[in-house]
Protein chains: 2
Amino acid sequence: MATIYEVAKLAGVSVSTVSRVLNGRSTVNQQLKAKVDNAISLLSYSPNSVARSLASSRSNSVGILVSEINSHFFCNMLTAVELTLRQANKHSIITVGHNDLEQEQEGVDFLIGRNCDALILHVEALTDDMLRKVNRDNTPIALINRVVPGMEEACISLDNELGGYLGTRHLIESGHTKIAYIAGPTSKVDANQRLAGHKRALKEAGLKIDQNLFYQGNYLESDGVDGLTELLKDNKEFTALVCANDWMASGAITCARDMGLDLPKDLSIIGYDNDLLAHLLYPQLTTLHNPIYDMGEMAAKYILNTVYKESNPIKNLFGPELITRNSVSPLP
Amino acid sequence: MATIYEVAKLAGVSVSTVSRVLNGRSTVNQQLKAKVDNAISLLSYSPNSVARSLASSRSNSVGILVSEINSHFFCNMLTAVELTLRQANKHSIITVGHNDLEQEQEGVDFLIGRNCDALILHVEALTDDMLRKVNRDNTPIALINRVVPGMEEACISLDNELGGYLGTRHLIESGHTKIAYIAGPTSKVDANQRLAGHKRALKEAGLKIDQNLFYQGNYLESDGVDGLTELLKDNKEFTALVCANDWMASGAITCARDMGLDLPKDLSIIGYDNDLLAHLLYPQLTTLHNPIYDMGEMAAKYILNTVYKESNPIKNLFGPELITRNSVSPLP
DNA sequence: AATTATTAAGAAAGCGCTTTCTTAAATGTG
DNA sequence: CACATTTAAGAAAGCGCTTTCTTAATAATT
């Protein structure tokens, strides 16, 4: 790899001049600029961004840390973030934290050590204090799916409670009154919010909350199977089932079919997230759209605003939207 | 952020000594080491990897460039690569090329400029020559799903032809003789290989290749719908359908159901890739497993061997495996 | 024409580390 | 005890850039 010195030598100018044409800042004489450009292409020179970054303490790249990378959900988010940043000529450095405190911590350190101009995080293990500290220490942060007190304007999140409410209300409006629920893990804020919305809808309709119609799941497909199996025991009565995410709904659908139920006539099912799989299921799943793509885009735009002087309008709270397909049937 | 100087000052030693304990190379006096360790934790010092990388021209990170990041396929691969590297204490810098020559080129330059010790690439636009050049220029490369003459040992690929053969042979063994085919784009090597395998199986069984039973698709779900619609026109006779990937098979299944066909009795369908969606479809899809996770892991191991002196056994060619589910029914 | 203000380009310092070179101390040898 | 050999720690150079500081040349002002 050629260095800036070789370019300067070949062009017969100083390195400062080369640096200037490289960065297009101060005006450089046209002829000199031409010479430099020529030398650059002759040597097929490409500046070393590590050196650049060290010297300028900027890097034109933002660090992205996600919990996992093995689901469509995160891919969707990453695609949006990467694309938005790329369009602004910024690079993405993507790292994975596996929901583990140590790994998330290490990931953040790595990204900061790499001179990232900012971070976009989707993390669970790091505490609010840690996040606030990083933010104070001169590395701007955007947070997805999390609200940290004191840095609200940097948080892009989803109104999970509203989604929970809308889903259950849809069932109620379709005539259902006996509604079972398979919940997500209590350790996750979003799962609790979704459940809270469900309860609000029941309450509003004057329906009682029946602990017999509740199953504690963990967001996995198998929890849908186990949950519905459990709920169907003892001939409990219900005509509709709310699952806190689409994967559990998928498991429930498989289970219901295996039990010989005719969907959606015998049982209406509703999911959450509008994952890619929702429209592949049979019957196609009615669910709540989780606009994670848009949220990723928004987080990127927030960073472009704070670090790179753009001025995009920012929206911090996103609303889920009911997507009606074929897994809910009205009760007469 | 504290620097190595502050650590040295606080510990009362020279920066060289701090650097030595940091890198654990030459022996350092126990007492001094203790002092340094103490100073490090007192200042919660974390070395700047940009500076480190510039000084040592190593970075302990490998660059990963993939075509896209919005599919389960790539996520799977990335997960494997990231995990394998992480376990060896190496970091991953992930970038996306969007199958565009300029973007792929830029991505490679970015990663090299970031002093990546090596690259793992899943690219289509970059030419063989370009890849060989990068490889010669001192940046070791591993290639996934591509074979570049002259650097075979760095290429991890799938025997697509074999998969094509196995799928069609499975149908033939189940008694089918009239088999339609929805192909992937001719611009993709893997698509052509899959088709070649299909033809070999037909030939071997003495069946003729019928152009009427062929549809040219593009790997999209909608191509499955369009393809089957087209094939069903004019009452063409066939009892089985091979799709060059699972997404097209998914489209075909939806289409078949919409046309009132009873699957798999009226039509056997087989896919390719064993994408996550395969087991969600109804009927669950018989398909060929594409071991992309294992391939990603292998590519990472190859890099660990060449750059970081490990010595894992390397396998360059992976074989697909038939996964039988419920979308193929035997003909009497 | 003499002075000041502006501009363009070079010189050099510095970003935060690693690593080679040097020096001083500790150890071994006859 | 004088000398050679090994070892541990510090000094300093350098990685490839950016950016501030200088200086020289040009333009503007009175």
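Below, chains carry the letters A, B, ... as their sequence lines are ordered, and counting in each starts from 1.
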Taking [atom1] from [X] and [atom2] from [N], how many angstroms apart are they, rounded to a whole number?
X	N	atom1	atom2	result
Lys33(A)	dA8(C)	NZ	P	14 Å
Leu32(A)	dA8(C)	CG	C1'	9 Å
Lys9(B)	dG16(C)	NZ	P	15 Å
Arg114(B)	dC15(D)	CZ	C1'	15 Å
Leu54(B)	dA13(D)	CG	P	17 Å
Leu43(B)	dG16(C)	CG	C1'	15 Å
Asn48(B)	dG14(C)	CG	C1'	14 Å
Asn115(B)	dG16(D)	CG	C1'	10 Å

Picking from [options], which would you name as closest to the side chain of [X]?
X	options	result
Leu22(B)	dC15(C), dT19(D), dT18(C)	dT18(C)
Arg52(A)	dT18(D), dG16(D), dC17(C)	dT18(D)
Ser19(A)	dG10(C), dC17(D), dT18(D)	dT18(D)

- Query: Considering heavy-atom distances to DNA chain D, does Ser56(B) or Val15(A) have its closest nucleotide positioned more toward the 5' end?
  - Reply: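 The residue mapped nearer the 5' terminus is Ser56(B).
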- Query: Quick one: on DNA chain D, does Ala51(A) or Asn29(B) contact a more 5' nucleotide (nearest heavy atom)?
  - Reply: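 Whichever sits nearer the 5' end wins; that is Asn29(B).
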- Task: Output the distance between atom CG (Asn115(A)) and atom OG (Ser61(A)), rounded to the nearest 0.5 Å.
- Result: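 These two atoms lie 8.0 Å from each other.
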- Could you give the distance from OG (Ser92(A)) to CD1 (Ile120(A)), rounded to the nearest 0.5 Å?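 If we round to the nearest 0.5 Å, Ser92(A):OG and Ile120(A):CD1 are 7.5 Å apart.
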- Using the closest heavy atom to pick a nucleotide of DNA chain C for each, name whichever of Thr3(B) or Gln30(A) lands nearer the 5' end.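 The 5'-side residue here is Gln30(A).
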- Item | Quiz item: Ser16(A) side-chain donor-acceptor pair to dA11(C) base, under 3.5 Å |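 Donor-acceptor pair under 3.5 Å: yes.
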Are [X] and [N] close enough that a side-chain N or O sits under 4.0 Å from OP1 or OP2?
X	N	value
Tyr5(B)	dG14(C)	no
Thr17(B)	dG10(D)	yes
Arg58(A)	dT19(D)	yes

- Message: If we count only N and O atoms by modelled type, under 3.5 Å, do the side chains of Asn312(B) and Glu310(B) hold a donor and an acceptor together?
- Response: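 Yes, side-chain donor-acceptor contact under 3.5 Å.
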- Between Ser14(B) and Thr17(B), a side-chain donor and acceptor under 3.5 Å: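 Indeed, the side chains of Ser14(B) and Thr17(B) share at least one donor-acceptor pair under 3.5 Å.
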- Query: So, are Lys188(A) and Glu124(A) salt-bridged, with charged N and O less than 4.0 Å apart?
  - Reply: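 The answer is yes: the pair qualifies as a salt bridge.
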- Message: Over all strands shown, is Val13(B) touching base, sugar-phosphate only, or nothing at heavy-atom distances under 4.0 angstrom?
- Response: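 It contacts sugar-phosphate atoms only.
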- Task: Pick base, sugar-phosphate or nothing for Val28(A), based on heavy-atom distances below 4.0 Å to the nucleic acid.
- Result: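 Answer is sugar-phosphate: Val28(A) comes under 4.0 Å of backbone atoms only.
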